[in-house]
Number of protein chains: 2
Amino acid sequence: MATEKLDLNLKNEFSKLDKTSVIPVYYQVAKILEGLILEEKFGPGEMLPSETKIAELCDISRMTVRKAISELAERGLVIREKGKGTFVSKKDFNYATFKHIDLHDKMRKKGYEVTTKIIQADILKTEDDSVDNIAKKLNLSPGERVLRYGLLSYVEEKPYVFEKKYIPYTKQSPILESDIIDSSLPRLLTLHDKTKTPYTNSRVLKAVILNEEAKHLEIEKGSPGILIEQLIYDKDENPIGYEESIYRGDEYMLVSEDK
Amino acid sequence: MATEKLDLNLKNEFSKLDKTSVIPVYYQVAKILEGLILEEKFGPGEMLPSETKIAELCDISRMTVRKAISELAERGLVIREKGKGTFVSKKDFNYATFKHIDLHDKMRKKGYEVTTKIIQADILKTEDDSVDNIAKKLNLSPGERVLRYGLLSYVEEKPYVFEKKYIPYTKQSPILESDIIDSSLPRLLTLHDKTKTPYTNSRVLKAVILNEEAKHLEIEKGSPGILIEQLIYDKDENPIGYEESIYRGDEYMLVSEDK
DNA sequence: TAGTGGTCTAGACCACCTC
DNA sequence: AGGTGGTCTAGACCACTAA
């Protein structure tokens with residue numbers, strides 16, 4: 001019978017499994033399944049053997065099989081469908097996710113020297129034209145005030161990103177220069193006003209032409225840059241802080257992590 | 001005692017848990033823990049109660065607690081350290097993932113009219129200067145040939161993205177104009193040469209200044225654009241196709257989906 | 001040595017899907 | 001009704017860490 005033959009083939013594939021190995025069983029099973037999918041023993045859209053079946057074949061617990069398949073499902077290699085089965089995904093590469101990681105952490109971990117200096121810092125009235133759209137984003141009424149500051153960060157003495165940050169200024173606590181340099185915007189927000197705890201954020205990534213920022217970033221005016229806008233909200237979905245990060249287009253790019 | 005007090009507080013927090021609910025217990029526990037972290041009941045760097053402890057407090061199995069914490073660990077909210085404990089991550093909002101979805105799918109699903117036209121199509125020798133770096137990317141030897149074509153896509157008659165695609169030309173199967181327009185690059189690759197099945201891809205996103213592409217995109221020369229480079233590999237990690245997509249910077253942006 | 005997370009078991013019940 | 005994935009249990013042993 002066809003199914004018997006399949007079983008035999010599978011049993012053969014799974015015989016590679018070494019339960020005494022230091023390598024976790026679930027990991028081995030995941031790798032074997034990945035290999036079978038890669039070799040198109042299970043083609044796109046095809047159903048994998050059921051979890052129970054694999055557990056029997058490998059003589060391991062079903063929970064272990066589940067953990068193995070979970071590894072593949074997380075990566076989008078297979079898709080689970082309740083009541084139906086687990087299927088090899090038909091990926092057509094029509095989507096991609098790009099991960100943006102804050103440069104401070106990333107670079108420091110790599111052992112690079114990262115420095116930050118304050119370019120400007122002032123307190124503005126909401127009525128000022130220069131903060132008009134910021135006031136709207138932060139949902140501020142006329143008469144309220146905004147602390148605006150600009151930071152320039154260097155990796156190995158080379159400018160990398162220019163950031164402009166805005167927080168409603170409430171006189172609650174003084175803000176020290178060291179706080180501005182050492183703290184991320186979310187942290188500074190709580191430092192300044194304990195009633196406002198960052199809860200969610202939304203980000204938008206755009207391509208821009210560098211103008212005044214070019215000078216700070218020590219790059220030619222008119223060069224390309226990547227702008228990431230970030231709006232920070234509290235638990236009640238009120239905006240409590242805004243930030244614009246401008247990266248040098250020649251230095252900064254995003255890499256997709258899809259498989 | 002301090003620890004007793006903490007236990008009481010925690011017991012109180014976990015009393016929200018409803019084991020009879022249709023909502024999975026692990027999900028409820030994850031949400032409770034997430035809340036405690038966001039309210040800074042457990043601050044950055046602080047250790048969470050051990051899995052065993054939480055299991056006792058909630059009167060549930062440790063495996064269920066593990067699944068709950070796994071949810072948080074995947075999102076980077078907490079970090080597990082073997083032999084030590086589980087700690088609240090110190091980083092706040094310092095990473096973001098941006099999802100890029102192919103415009104054809106996205107727009108058609110929204111009901112917009114999407115059209116595509118061929119701008120150019122030619123077959124080049126690898127020695128040609130104009131495909132020199134492409135030949136390197138595709139790992140081609142001198143003498144081999146490359147099919148190059150340019151596509152311009154419109155949404156509601158407005159140009160949106162300009163794409164340049166390159167595939168090794170092997171005379172295997174003829175390539176029709178309709179194939180070029182209707183097929184994604186991965187699909188075209190298998191159409192043209194059945195021995196080459198796309199398996200993985202890598203993408204890079206950059207900010208650029210539009211030059212010749214500006215004309216096609218009906219935008220001023222020197223405007224910003226987003227360039228996504230895509231290299232497609234087969235099972236053996238050999239590059240089998242390359243694509244550059246240039247989006248109008250004023251129309252196209254990426255939105256973060258983090259929570 | 002005691003506590004932690006990492007792995008694994010051998011069951012169980014459920015909701016869902018297909019026949 | 002029988003098969004599937006989703007959840008959950010109450011144990012177990014392990015490697016690692018810190019005191």
Side-chain angles (χ1 to χ4, degrees), chain A residues 1-3 6-7 10 14 17-33 42 45-89, chain B residues 2-3 6-7 10 14 17-33 37 42 45-89:
Chain A
M1 301 300 234
T3 69
L6 182 60
D7 283 9
L10 278 180
F14 286 121
L17 209 158
D18 176 10
K19 281 197 264 186
T20 67
S21 165
V22 286
I23 300 163
V25 175
Y26 78 86
Y27 187 81
Q28 294 181 53
V29 174
K31 279 296 168 196
I32 291 171
L33 287 172
F42 298 109
E46 217 171 313
M47 184 179 148
L48 291 188
S50 77
E51 297 173 350
T52 319
K53 190 98 196 167
I54 296 175
E56 278 172 18
L57 284 169
C58 299
D59 193 32
I60 56 176
S61 160
R62 190 187 145 212
M63 286 300 276
T64 305
V65 177
R66 274 189 69 73
K67 175 132 191 183
I69 295 178
S70 295
E71 300 270 306
L72 307 181
E74 260 170 49
R75 287 167 38 191
L77 207 57
V78 300
I79 294 164
R80 287 179 155 138
E81 291 185 46
K82 196 194 296 189
K84 291 162 88 178
T86 302
F87 303 85
V88 178
S89 89
Chain B
T3 71
L6 182 59
D7 282 9
L10 278 179
F14 285 120
L17 209 158
D18 175 10
K19 280 196 266 187
T20 67
S21 165
V22 286
I23 298 163
V25 175
Y26 79 86
Y27 188 82
Q28 294 181 53
V29 174
K31 280 294 168 197
I32 291 171
L33 286 172
I37 291 167
F42 298 108
E46 216 171 311
M47 184 180 149
L48 291 187
S50 78
E51 297 172 351
T52 319
K53 191 95 197 171
I54 296 175
E56 277 172 19
L57 285 169
C58 298
D59 193 32
I60 57 178
S61 160
R62 191 188 142 209
M63 285 299 276
T64 305
V65 177
R66 274 189 70 75
K67 174 132 192 182
I69 294 178
S70 295
E71 300 270 305
L72 308 181
E74 261 170 48
R75 286 169 39 195
L77 207 57
V78 299
I79 293 165
R80 286 177 154 140
E81 290 185 44
K82 196 196 295 191
K84 292 161 89 177
T86 301
F87 303 85
V88 177
S89 161

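Chain naming here is simple, since letters A, B, ... match the order of the sequence lines and numbering starts at 1 in each. Keep in mind the model is a prediction, meaning the values are calculated, not measured. Side-chain atoms are counted along with the backbone in the values below, which use heavy atoms only and exclude waters and symmetry mates.
At least one side-chain heavy atom of A:Phe14 sits less than 4.5 Å from a side-chain heavy atom of A:Ile54. Using a 4.5 Å heavy-atom threshold, the side chains of B:Met47 and B:Glu81 count as separate.
Checking the phosphate oxygens (OP1, OP2) of C:dT7, a side-chain nitrogen or oxygen of A:Tyr26 falls inside 4.0 Å. Taking side-chain N and O atoms only, B:Thr64 has a distance below 4.0 Å to OP1 or OP2 of D:dT9. Residue B:Lys67 places none of its side-chain N or O atoms closer than 4.0 Å to OP1 or OP2 of D:dC8. Contact annotation: A:Arg80 reaches the phosphate of D:dG6 (side-chain N/O to OP1 or OP2, under 4.0 Å).
Listed candidates were D:dT4, D:dT7, C:dT7. Nearest to the side chain of A:Arg66 is D:dT7. Nearest nucleotide to the side chain of A:Ser50, out of C:dA10, D:dT7, D:dT4: D:dT4. With distances taken from any side-chain atom of B:Ser61 to the nucleotides C:dA10, D:dA10, D:dG5, the minimum falls on D:dA10.
Note: CZ (A:Arg62) to C1' (C:dA10) measures 12 Å, nearest angstrom. The CD atom of B:Glu71 sits 11 Å away from the P atom of D:dC8 (whole-angstrom rounding). For the pair A:Glu46 CD and D:dT4 P, the computed distance is 15 Å after rounding to whole Å. In this structure, CD1 of A:Ile79 is placed 17 Å from C1' of D:dG6, rounded to the nearest angstrom. Distance, A:Tyr27 OH to C:dC8 C1': 18 Å, rounded to whole Å. Residue B:Glu56 contributes atom CD, which lies 13 Å from atom P of D:dA10 at whole-angstrom precision. Residue B:Lys19 contributes atom NZ, which lies 16 Å from atom P of C:dC14 at whole-angstrom precision. Protein atom CG of A:Asp18 is 12 Å distant from nucleotide atom P of C:dC8, rounded to whole Å.
Each of A:Glu81 and A:Met63 was assigned the nucleotide of DNA chain D with the nearest heavy atom; the assignment lying further toward the 5' end belongs to A:Glu81. Mapping B:Val25 and A:Gly85 onto DNA chain D by nearest heavy atom places A:Gly85 closer to the 5' end of the strand.
Using modelled atom types, no side-chain atom of B:Thr86 and backbone atom of B:Leu48 make a donor-acceptor pair closer than 3.5 Å. Checking side-chain atoms of A:Gln28 against main-chain N and O of A:Ile23 turns up a donor-acceptor pair under 3.5 Å.
How far CD of A:Glu56 is from OG of A:Ser50: 7.5 Å, rounded to the nearest 0.5 Å. The NZ atom of A:Lys67 sits 14.5 Å away from the CD atom of A:Glu51 when rounded to the nearest 0.5 Å.
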For nucleotides 17-19 of chain D, print each protein N/O atom paired with a nucleotide N/O atom at under 3.5 Å, atom names and distance only.
none

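Counting any heavy atom pair closer than 4.0 Å across all strands shown, B:Ile60 reaches sugar-phosphate atoms only and no base atom.
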Worked check of side chain to side chain contact (heavy atoms under 4.5 Å, CB included) between B:Leu77 and B:Leu33:
CA-CA 10 Å; B:Leu77 207 57; B:Leu33 286 172; over 6 Å; no

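Side-chain contact, A:Ser61 with A:Arg66: no donor N or O sits under 3.5 Å from an acceptor N or O.
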